[in-house]
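Data first, discussion second: the structure below is written as structure tokens.
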Amino acid sequence: MAVVLATAANAQEEQTDPYAELGLLDESSPVAEEGPAQPVPDAEEDAAPREITTQDMLREHARFISYIDEKNYDQADISAKRVIEMAIQLHGPQSHETAKALNNLGIVQNSTEQYNAAIQNFNSAIEILEILEDRLNSQLINPLKGLGAAQLGIGRPDLAKRTYDRATHITHVNEGPHNVEQVELLESLAEASVRMGDVESARDVLDRIHILNVRHFSDDVMGLLPSLMRRASWQHRAGYYHDERATYRRAIRIIEDAAGKEDPRLVDPLIRLGESFYFFEPMGPDSHRYTSSSSGEVYLRRANRIAERNKDFPWLELATTKLALADYYIFSSEFSRAKNLYEEVWNDLSSDDTRLDMRNELLGDPRPIFEQTLPPATDAAAGVSRRDGEIQTGVVNVYYVVTGRGRARVEKTTTEPAEFTDMQRMVEREVRRRMYRPTINEGTVVVSGPLVFRHEFTYSRSELEDLRAKNESAAAASEQ
């Protein structure tokens, strides 16, 4: 099998999802028996061409890790390709060293959204390991993780789901069905299900994660808290707001039982529980639930009391705790209360020069208190490959101001191409629906703007042609 080294030029024409996870970097040295490598000058600075040695590859690998730590992904990409070339020269194209190097290049390409290139390199690494080992070897898990992330990045959660399923099965074979190491894979599997719109499957996966964590932390109840908080975040993303609140309440009870009702660790779950009441599940035919807009206030007020009574509570966390309650007052139209709290936080952050930057970040510009995710593509473009040029990018720009009461006043909206009026109405409606933390200037709530909300989306060329033909037909009919 020939190793295919994919690059952005030959495998990636468009960049898509910026939120795709990177996979798992293999930081182990390409040759285990060698000692720690020290950085050396770039290869171009060598005085004359010479035979590549194992030490050269180790040094380049160390340089690659350094670039990753610095988040210098352009240089990391170049360095990763050098390591691949050296691994092939030293160990051959079908070697563990080459597979590791291909995996690392794929991770860098994921981080820069070169997803199609990353997919080729992860697949090459997988094929090499299958030849050297077998299809159930645990070394396959890392490149499978990266492959799944890249498949999510190109908008193919169906492929990612199969990839994560395979990686999870490999952990079962090697570590047993109850191994906690599979949790990261299951979270990725839930992500793929959410993106496919299969929230019931995502819910089942979250339940599996919870069972594994409960089993793992059976002797350490407080150790269960991070997994509970992640579980609640996933439940929120899937739209299971009742389940999300139940999870936060369980976290709160665990802290209260272990440390008391005034423990500062209660502040975070209390705030998240309060903010969950910005969102409501659709009421079913058998539901009699009604929740007023003040439902979250009691939790946010309690979080504030705990934070203020704790003398060692960090000043920044105290400010954000107060802002969470002020934001909720905006949501529930209690503008005087919100204004007083915003001004109190502004004064607190103005009392020390070291806090001014954070004051400007938190209060210098309006920010949405809550928001819903807008569709990244029209129905005709969802899940369609970009490589044949059929998929294009459009944009909606909404120009608006934010009032002192945190409401948006839309002044103008533009869309390119203009034919996508449904997307325009959807984006404009979302901007109007949102509530915002207003700008605080010199301790006073002020009107902000004009501001621009920009939403990019993908569409198919054939879809645009159909819309134009439809508009021309309508125009011709109106002239008759």
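The shown structure was predicted, so the numbers you read here are calculated from the model rather than taken from an experiment.
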Distance only, no hydrogens: is a donor on one side chain within 3.5 Å (strictly under) of an acceptor on the other, for [X] and [Y]?
X    : Y    : value
E428 : T413 : yes
S79  : R63  : no
T163 : Q151 : yes
E442 : T444 : no
T439 : N441 : no

Q: Not counting sequence neighbours, list each pair that qualifies as a side chain to side chain donor-acceptor pair (under 3.5 Å) and has a residue in residues 305-318.
A: none
Reported [atom1]-to-[atom2] distance for the pair [X] and [Y], which is rounded to 0.5 angstrom:
X    : Y    : atom1 : atom2 : result
S351 : W346 : OG    : CH2   : 10.5 Å
R230 : L225 : CZ    : CG    : 11.0 Å
H210 : D243 : NE2   : CG    : 11.0 Å
N360 : L349 : CG    : CG    : 9.5 Å
L212 : L186 : CG    : CG    : 6.5 Å
T171 : L144 : OG1   : CG    : 11.0 Å

Heavy-atom donor-acceptor pair, [X] side chain to [Y] backbone, under 3.5 Å:
X    : Y    : answer
Q182 : N179 : yes
S193 : L189 : yes
N340 : S336 : yes
N304 : L300 : yes
D198 : V194 : no
S218 : V214 : no

Q | Candidate list R231, R250, M229, test side chain to side chain contact (heavy atoms under 4.5 Å, CB included), partner L224, passing option | A |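 Looking at R231, R250, M229, the match for L224 under the side chain to side chain contact (heavy atoms under 4.5 Å, CB included) is R250.
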Q | Of all pairs that satisfy salt bridge (Lys or Arg N to Asp or Glu O under 4.0 Å), the ones with a partner from residues 396-420, not counting sequence neighbours | A |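 Residue pairs passing salt bridge (Lys or Arg N to Asp or Glu O under 4.0 Å), neighbours aside: E419-R468.
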Taking the side chain as every heavy atom from C-beta outward, state whether [X] and [Y] have any atom pair closer than 4.5 Å.
X    : Y    : answer
F280 : Y241 : no
N397 : Y399 : yes
T421 : M423 : no
E463 : F420 : yes
H178 : R215 : yes
I440 : V446 : no
T393 : F457 : no
N213 : I209 : yes

Q: Run the numbers on L363 and V345 for side-chain contact (heavy atoms from CB on, under 4.5 Å), then give the verdict.
A: CA-CA 9 Å; L363 299 169; V345 173; 4.2 Å; yes
Taking the basic N atoms (NZ, or NE/NH1/NH2) and the acidic carboxylate oxygens, is any pair closer than 4.0 Å for [X] and [Y]?
X    : Y    : answer
K145 : E184 : yes
D348 : R359 : no
R461 : E465 : no
K161 : D165 : yes
E371 : R434 : yes
E430 : R433 : yes
D204 : R208 : no
D327 : R367 : no
R337 : E297 : yes

Please give me the minimum heavy-atom distance between [X] and [Y], naming the atom from each residue.
X    : Y    : value
L140 : I126 : CD2-O, 3.7 Å
P417 : L464 : CB-CD1, 3.9 Å
G106 : F122 : C-CZ, 3.3 Å
T458 : A377 : OG1-CB, 3.0 Å
N110 : A118 : OD1-CB, 3.4 Å
T321 : A307 : CG2-CB, 4.3 Å

Q: Begin with the C-alpha distance, continue with both residues' side-chain angles, and end with the deciding distance and a verdict on side-chain contact (heavy atoms from CB on, under 4.5 Å) for I271 and V267.
A: CA-CA 6 Å; I271 290 175; V267 171; 3.7 Å; yes
Centre-to-centre under 6.0 Å for [X] and [Y], is that the case here?
X    : Y    : answer
Y400 : F453 : no
Y248 : Y299 : no
F331 : Y278 : yes

Q: Take R253 and D257, measure what salt bridge (Lys or Arg N to Asp or Glu O under 4.0 Å) needs, and give me the verdict at the end.
A: CA-CA 6 Å; R253 286 195 301 271; D257 291 343; over 6 Å; no
(Q) Pair M222, I254 - check side-chain contact (heavy atoms from CB on, under 4.5 Å), show working. (A) CA-CA 7 Å; M222 290 294 284; I254 288 174; 3.8 Å; yes
Q. Got more than 12 heavy atoms from elsewhere within 6.0 Å of NE2, H172?
A. yes
Q) Centre of W234's six-membered ring, under 6.0 Å away, within 45 degrees of the axis: is that where NZ or CZ of R237 sits? A)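 Judged by the rule, R237 and W234 form a cation-pi pair.
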**Q.** Result of checking R272, Q235, H242 against T247 for side-chain hydrogen bond (donor to acceptor under 3.5 Å, both in side chains)
**A.** Q235
Q: Take L105 and D77 through the side-chain contact (heavy atoms from CB on, under 4.5 Å) test and state the conclusion after the steps.
A: CA-CA 6 Å; L105 175 59; D77 185 286; 3.9 Å; yes
